[in-house]
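Predicted, not measured: the structure shown is a model, and the values here were computed from it. In what follows, residues are counted from 1 in the order of the sequence shown.
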Amino acid sequence: MFPARVLAGAPLVLVVLALSGCSPLWSCTDTTAKRGEAGVRVQVENASGRPLGVTAEVVDWRLEPHPQVPSEGDKVHFRYRFDGADEISGPAVDACAVDKKRMALGCRTVYSSQAFGPDGPLAGDDWLSVEHPDQVAEVLLIPNDQSYDRRTCDQDIKDGGGTHPPEPAGRGDQL
């Protein structure tokens, strides 16, 4: 009779262990989102590819010396804005100066929460350093939100995992 009671309670014990995260059956998987199509104006998307209701746009750009280090020559000075973002904890996207073939010459992540300036809230400007400024054809934004990357399975087997944003864009990436 005792073994029958133990066997009857075994499924309940497994359910409790699984729900607590202590199950040997616990499965954790990390995946990386596909990089979205870069553009001058993009709809920002989460790691699952769903739109966040935020638009990011490069308003304009030009080559000029940075005022703090004019001796370094021309840099890419660009202005951008986020429409529909939260002023405190909104999204972030990668901005890249590209050549005529859309090869990244220099990139950096711009955050809506750090965008402020004379053009109003959620509008800002930044600088990109590139090796050959004369090759810059335009500045593009990549729509993947880079503001939050959840923990990986290696970091937290119970609560980590899932879809992560793509690696930030860098010099040499084809956009």
Side-chain angles (χ1 to χ4, degrees), residues 15 17-61 76-128 130 136-175:
V15 168
L17 286 173
L19 292 175
S20 70
C22 299
S23 169
L25 304 175
W26 191 261
S27 175
C28 186
T29 306
D30 287 308
T31 57
T32 302
K34 199 170 113 180
R35 183 176 285 162
E37 180 70 27
V40 173
R41 182 179 169 92
V42 297
Q43 293 292 320
V44 182
E45 56 191 45
N46 67 13
S48 300
R50 287 189 216 107
L52 296 177
V54 175
T55 302
E57 178 180 15
V58 174
V59 178
D60 71 2
W61 68 273
V76 180
H77 184 201
F78 67 101
R79 291 186 317 122
Y80 61 93
R81 91 169 145 240
F82 288 88
D83 292 321
D86 180 322
E87 290 184 34
I88 298 170
S89 61
V93 296
D94 289 336
C96 297
V98 298
D99 65 13
K100 290 179 185 175
K101 295 179 182 177
R102 295 175 61 105
M103 185 72 67
L105 303 172
C107 300
R108 78 174 318 119
T109 304
V110 292
Y111 294 81
S112 63
S113 60
Q114 295 175 354
F116 54 87
D119 297 328
L122 302 175
D125 72 311
D126 215 328
W127 298 81
L128 293 167
V130 297
V136 176
E138 60 185 333
V139 176
L140 301 177
L141 301 174
I142 299 170
N144 305 87
D145 182 12
Q146 295 287 345
S147 66
Y148 174 74
D149 189 8
R150 60 186 301 138
R151 293 178 292 199
T152 65
C153 293
D154 287 342
Q155 295 166 326
D156 186 343
I157 188 95
K158 181 180 170 219
D159 296 322
T163 306
H164 302 273
E167 288 294 317
R171 185 173 289 151
D173 287 355
Q174 182 69 47
L175 304 181

Asks: Look at the aromatic rings of Phe82 and Tyr80 and report parallel, tilted or perpendicular, splitting at 30° and 60°.
Replies: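 Aromatic pair Phe82/Tyr80 classed perpendicular.
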
Asks: Mind checking whether Leu105 and Asp99 have side chains closer than 4.5 Å, heavy atoms only?
Replies: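 They are in side-chain contact.
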
Asks: Would you check if the side chain of Asn144 reaches a backbone N or O of Lys34 as a donor-acceptor pair within less than 3.5 Å?
Replies: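 The answer is yes, because a donor-acceptor pair under 3.5 Å joins these two groups.
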
Asks: Does the pair Val58 and Leu141 meet the rule for a side chain to side chain contact (heavy atoms under 4.5 Å, CB included), with working shown?
Replies: CA-CA 7 Å; Val58 174; Leu141 301 174; 3.6 Å; yes

Asks: With heavy-atom distances below 4.5 Å as the criterion, would you say the side chains of Ile142 and Val42 are in contact?
Replies: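 Side-chain contact under 4.5 Å: no.
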
Asks: Which value, rounded to the nearest 0.5 Å, describes the distance between Leu52 atom CG and Ser147 atom OG?
Replies: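 Interatomic distance, Leu52 CG to Ser147 OG, rounded to 0.5 Å: 8.0 Å.
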
Asks: Does Val110 reach the side chain of Val93, with side-chain heavy atoms less than 4.5 Å apart?
Replies: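 With C-beta onward as the side chain, the pair touches.
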
Asks: Is any side-chain heavy atom of Trp61 closer than 4.5 Å to a side-chain heavy atom of Val136?
Replies: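 Heavy-atom side-chain distance check passes, below 4.5 Å.
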
Asks: According to the salt bridge (Lys or Arg N to Asp or Glu O under 4.0 Å) rule, which pairs have a member within residues 35-55, sequence neighbours left out?
Replies: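 Found Arg35-Asp173, Glu37-Arg102, Arg41-Glu57.
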
Asks: Closest approach of Ala97 and Leu128, non-hydrogen atoms and distance?
Replies: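 Heavy atoms only, the tightest pair is N-CD1, 3.5 Å.
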
Asks: Grab the two heavy atoms, one from Pro91 and one from Val54, that are nearest each other, plus how far apart they are.
Replies: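 Looking at all heavy atoms of both residues, the shortest contact is CG-CG1, 3.9 Å.
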
Asks: Measure the shortest side-chain to side-chain distance between Asp125 and Arg79 over non-hydrogen atoms and say whether it is less than 4.5 angstrom.
Replies: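 Result yes, sub-4.5 Å side-chain heavy-atom pair found.
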
Asks: Would you find a donor on one side and an acceptor on the other, under 3.5 Å apart, between the side chain of Gln174 and the backbone of Lys101?
Replies: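 Confirmed, Gln174 side chain pairs with Lys101 backbone.
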
Asks: How about Cys96 and Leu175: do any of their side-chain heavy atoms sit closer than 4.5 Å?
Replies: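 They are in contact (side-chain heavy atoms under 4.5 Å apart), so the answer is yes.
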
Asks: Looking only at heavy atoms, what is the nearest atom pair of Val130 and Arg171, with distance?
Replies: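 That closest heavy-atom pairing would be CA-NH2, 4.1 Å.
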
Asks: For Ser113 and Gly90, work out which heavy atoms get closest and say how close.
Replies: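 Shortest heavy-atom contact: CB-N, 4.5 Å.
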
Asks: Does a side-chain heavy-atom distance below 4.5 Å link Val44 with Thr55?
Replies: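 Heavy-atom side-chain distance check fails, nothing below 4.5 Å.
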
